[in-house]
Amino acid sequence: MIINNNYLDEIEKILENKNELEDFKRYCTLPLKKSIKINLHKINLDKFRKLISNWGWKIIDPGFIEKGNIENDSFYIDREEIDFALGKSFLHMSGIFYIQEIAAGMPARFLDIKEGDKILDISSAPGGKSTQIGDYLLSYKNRPGIVVANDVNGKRLQTTAHNLNRMGIYNSMLTKLNGFVFGKNLGEVFDHVLVDAPCSGEGTGFKSDFSLKIWKRQEINKICGTQFQLLVSAIKSCKQGGTIVYSTCTMNPYENEENVSKILDFFKGAIELENVDIKNKSIGITEIEIDNETKQILSEQDAEKLARFWPHKQKTGGFFIAKFKKVKTLQEKYPNKENKIAPKNPFKIDTSKSLQKQVSNFIQEQYGIKVDKSKYLFFATSKKIYLTSPEFLEFKDILEFEKVGVPIMKFGGEHKFIPLHSFGTTIGGETNKKYINLNQDDMQKYSNLEDIKIENLDGKYKDREYVVIKFEGIGMGVGKIIDGKIKNKFIKA
Ligand SMILES: C[S@@+](CC[C@H](N)C(=O)[O-])C[C@H]1O[C@@H](n2cnc3c(N)ncnc32)[C@H](O)[C@@H]1O
């Protein structure tokens, strides 16, 4: 792999010891160990560990997290079988875990998420951290809050949509906007905001040598401008008392500490830097060298609050995290103008009381689920019923959206509604009738889109009836009973 000399010169300047450079270069080219993030609202760590240990899989704690209010959920994974792709495992396909780089699993943990929070993920695609935020919100059990997953890139946003569906993150909405616009159009509406910024991507250089090969200062300056604007918008749109987390998968100081320094100056008195409490982290740098002159950008005290992940030290991808608290409102200084991002031609959706009643009755009668209005909101388009959280109503008329919640049913059939795969992965776990628990082998077949023959099924269910598929009591999907078999309905959502 080729690593550009301009880049290495920059890195050499900020390494603690100059003789680290060879080590740094070597680690930049090594593949990273596979790692996952467990979907905590579906499975806890003990249960997950027990389950996979039966199959000769092991999870290894990277040791970055002190026991806190969020259970540790990001681990390296070791498996005996190497010919079976991790992404094809039924646990992945039905949203029990997400494949995510270890350091990338850290920023969302520092958002200080509370029950019912409304959180903006300003540049979200492909959605790893949005699914994580949604998961933490759902882990509270009562009010699910909402994560607004935004990205300017429509194609990448489709992957976010797919990932939110797969992970059962129904407390979500998707917007396709330039992230710069939130602050000036909405004002202070979010409890917390994540800026997992577009960056030069050196930290993931191992994926392709492109970012390390063509590293140019002018290009970096452009990216820094975008990152700064996203931070400005994030901070303006966050409520007083809220948290803004900034992260990049890059190691040069310009996209990281220098941006932190600039934003602290720009919003002096309104934001404060907070500690990113990670064990064995590297701290931020305090000085940069410009035209042979050394410039102090942060105090020692502030640099210690930041978290840097170096490939050769933490043995992760290169990564950077800063956490800010908004201590003062900015509403008077920057009053929001006319809201230009409100829905212009809202596509027809029905969130009426009568719809809530009809869907709730169907779910209760057919599947025995008692619908809790503080957790679930249904809405209908002309073809499908979606499940989302009641917090959506606060954004419905002020934010142009692409998609809300996850599709759980379509119109049709004997009872007017036909359950879709995501019915199983969202509320399916709560069914106390019309469900079938599958064992591990059948679950894998189900994820491979095979139909499942079940012994003694005859007579238990009506032909052509839809059942929820469960594994260890967790909702995994939906199937249709036909001729004594479960006809596969996987991802036919
Ligand atoms: C590092 S990626 C985000 C990764 C994501 N948070 C995850 O965990 O899966 C940065 C994203 O920023 C998006 N982006 C770039 N410029 C943007 C802008 N002005 N507004 C919103 N999103 C932007 C890119 O399309 C890209 O998807």
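Just follow the structure's listing: the first ligand is 1, and inside any ligand the first atom is 1. If you're wondering where the values come from, they're calculated on a predicted model, not measured in any experiment. Residue numbers count from 1 along this sequence.
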Practice task
Look at the aromatic rings of F24 and Y7 and report parallel, tilted or perpendicular, splitting at 30° and 60°.
Solution key: tilted
Exercise for the section: Would you mind checking if D23 and K313 are paired as a salt bridge, meaning a charged N to carboxylate O distance below 4.0 Å? Expected result: no
Exercise for the section: Please confirm whether D151 comes within less than 3.5 Å of ligand 1 when only nitrogen or oxygen atoms on both sides are compared. Expected result: yes
Problem - K176 and E400 ion-paired at < 4.0 Å - result: no
Exercise for the section: Please indicate whether any nitrogen or oxygen in G128 is less than 3.5 Å from any nitrogen or oxygen in ligand 1. Expected result: yes
Problem - Distance under 6.0 Å and angle within 45° of ring axis: K279 vs F64 - result: no
Practice task
Say whether D196, considering both its backbone and side-chain N or O atoms, lies within less than 3.5 Å of an N or O atom on ligand 1.
Solution key: yes
Handout entry: N or O pair under 3.5 Å between T226 and ligand 1
Key = no
Practice task
Determine, for E272 against K326, whether the closest basic-nitrogen to carboxylate-oxygen distance falls under 4.0 angstrom.
Solution key: no
Handout entry: Whether L194 lies under 4.0 Å from ligand 1, heavy atom
Key = no
Handout entry: salt_bridge(D135, K42) N-O dist < 4.0 Å
Key = no
Practice task
Over 60° means perpendicular and under 30° means parallel, so classify the ring planes of F266 and F228, tilted if in between.
Solution key: perpendicular
Handout entry: Within-shell test, T160 vs ligand 1, heavy atom, strictly < 4.0 Å
Key = no
Exercise for the section: Go through ligand 1 atom by atom and flag the ones less than 4.0 Å from a non-hydrogen atom of G127. Expected result: 7 (C), 9 (O)
Exercise for the section: Tell me, please: is A104 in heavy-atom contact with ligand 1, that is, under 4.0 Å? Expected result: no
Exercise for the section: Could you verify whether a donor N or O on one side chain and an acceptor N or O on the other, from Q132 and Q100, lie under 3.5 Å apart? Expected result: yes
Exercise for the section: For ligand 1, indicate whether the residue K129 contacts it via side chain, backbone, both or neither (heavy-atom separation under 4.0 Å). Expected result: both
Exercise for the section: Return a yes/no value for N178: is any of its N or O atoms, backbone included, closer than 3.5 angstrom to an N or O of ligand 1? Expected result: yes
Practice task
Determine whether L194 and L111 make a side-chain contact, defined as any pair of heavy atoms from C-beta on separated by less than 4.5 Å.
Solution key: yes
Handout entry: Short N or O distance, A197 and ligand 1, threshold 3.5 Å exclusive
Key = no
Problem - For atom 15 (C) of ligand 1, the option (of G154, G179, P198) bearing the nearest heavy atom - result: P198
Exercise for the section: May I ask you to check if ligand 1 and Y98 share an N or O to N or O distance below 3.5 Å? Expected result: no
